[in-house]
Chemist: 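Next up is a structure, given as structure tokens.
All ligand and atom numbering here is 1-based and tracks the order in the structure. Note that the structure is predicted; figures quoted are calculated from it, not measured.
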Amino acid sequence: MNYEILTIPCLTNNYAFLLHCNETGTTALVDAPEAAPVLSALNAKGWTLDMVLLTHHHWDHVEGLPDLLKHSTPIIVGAAKDAERLPKLDIALNEGDTLEVGNLKGRVIDVSGHTINHIAFAFPGAVFTGDSLFALGCGRVFEGTMDMMHESLQKLAALPPETMVYSGHEYTLDNAKFSLTVEPENAALQVRVKDVGRMRTADIPTVPSLLSLELATNPFLRAKDAAEFAKIRTAKDNF
Ligand SMILES: [Zn+2]
């Protein structure tokens with residue numbers, strides 16, 4: 001696959017991403033927390049916004065859209081089942097549906113839990129997870145059940161381990177401190193926590209991260225069943 005992905009910090013700790021197909025020049029934004037940083041990234045690259053892919057309805061993932069629409073008329077893509085809560089969709093998708101960004105073919109995964117009908121977009125080598133899977137963490141379970149969130153994370157865990165995980169927030173330092181309380185003896189985690197500390201001190205984004213590293217270090221992905229996941233998620237809520 002011939003593509004480029006830009007990570008764009010937005011608001012306090014959100015990330016938006018520009019996925020650009022090098023063969024066709026098609027550019028898709030994943031989530032729209034804020035317009036200005038996205039517009040300047042597009043400008044710097046000389047790219048035109050052709051599509052916007054929305055992972056879920058929360059304000060900090062859609063609020064930049066009206067301002068973006070003043071500059072271009074991208075195709076808006078989101079979950080069919082959540083159409084009522086999302087901005088007006090041009091393409092409404094369900095789990096298993098495919099999506100084309102130029103020559104790039106993605107697949108929709110239902111990752112309900114943080115919200116019901118939250119979706120992830122999986123392309124070869126890259127998955128956009130919104131607020132489901134984070135680097136060393138996962139989203140709070142606001143609308144779904146612990147079982148549902150566990151199942152959603154396990155779907156992401158089953159992607160090829162060399163997949164890069166593009167998640168919606170920079171929460172990694174806080175997640176790292178919590179992860180060490182769950183698995184203090186995990187050597188891979190100890191190394192990663194040091195790396196994350198260094199990166200954040202240098203103001204370097206820790207997103208994206210490699211799925212194989214999440215599988216080795218992320219306690220929410222490593223939970224052996226839904227009950228253990230629920231225990232870890234509840235402990236994090238109170239951390
Ligand atoms: Zn959210």
Side-chain angles (χ1 to χ4, degrees), residues 7-19 28-35 37-38 52-68 76-89 92-95 106 108-122 126-157 165-176 178-179 205-209 214 218-221 229-230 232-239:
T7 298
I8 304 169
C10 294
L11 303 174
T12 312
N13 53 37
N14 279 77
Y15 286 122
F17 305 98
L18 285 172
L19 169 64
L29 173 70
V30 182
D31 283 340
E34 192 182 6
V38 173
V52 179
L53 319 184
L54 300 172
T55 62
H56 68 298
H57 76 283
H58 281 159
W59 71 271
D60 60 323
H61 295 256
V62 300
E63 202 170 65
L65 197 55
D67 277 347
L68 289 169
I76 315 295
V77 182
K81 287 183 184 164
D82 224 5
E84 279 178 27
R85 298 194 294 184
L86 289 166
K88 193 179 175 310
L89 300 177
L93 298 171
N94 291 297
E95 174 153 72
V108 173
I109 305 175
D110 184 310
V111 289
S112 291
H114 176 71
T115 65
I116 305 282
N117 300 317
H118 187 310
I119 56 175
F121 299 94
V127 62
F128 298 93
T129 60
D131 290 357
S132 57
L133 176 62
F134 290 135
L136 282 176
C138 75
R140 276 180 189 259
V141 180
F142 284 129
E143 295 181 3
T145 62
M146 293 291 189
D147 282 21
M148 195 185 276
M149 188 62 149
H150 173 69
E151 192 188 326
S152 294
L153 293 180
Q154 288 308 308
K155 290 182 204 172
L156 297 171
V165 180
Y166 292 82
S167 51
H169 288 273
E170 181 62 61
Y171 289 156
T172 318
L173 196 55
D174 186 53
N175 290 340
F178 172 75
S179 297
T206 61
V207 175
S209 61
E214 298 303 332
N218 185 326
F220 300 94
L221 271 190
F229 169 79
I232 296 170
R233 185 58 258 179
T234 304
K236 176 67 164 67
D237 290 345
N238 299 309
F239 182 65

Chemist: What is the name of the N/O/S atom in H56 that sits closest to the Zn ion (ligand 1)?
Modeler: NE2

Chemist: Between the Zn ion (ligand 1) and H114, which N, O or S atom of the residue is the nearest one?
Modeler: NE2

Chemist: Determine which of the N, O or S atoms in D131 is closest to the Zn ion (ligand 1) and give its atom name.
Modeler: OD2

Chemist: Can you tell whether the side chains of K81 and E95 come within less than 4.0 Å, N to carboxylate O?
Modeler: no

Chemist: Hey, do the aromatic rings of H61 and H118 have their centres closer than 6.0 Å?
Modeler: no

Chemist: Does a sphere of radius 6.0 Å around CD in E143 hold more than 12 heavy atoms from other residues, nucleotides or ligands, not counting ones at 6.0 Å or beyond?
Modeler: yes

Chemist: Which residue in the set L65, L68, V62 passes side chain to side chain contact (heavy atoms under 4.5 Å, CB included) when paired with I76?
Modeler: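 So, applying the side chain to side chain contact (heavy atoms under 4.5 Å, CB included) to I76 and each of L65, L68, V62, only L65 qualifies.
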
Chemist: Need the atom name: nearest N/O/S atom of H58 to the Zn ion (ligand 1).
Modeler: ND1

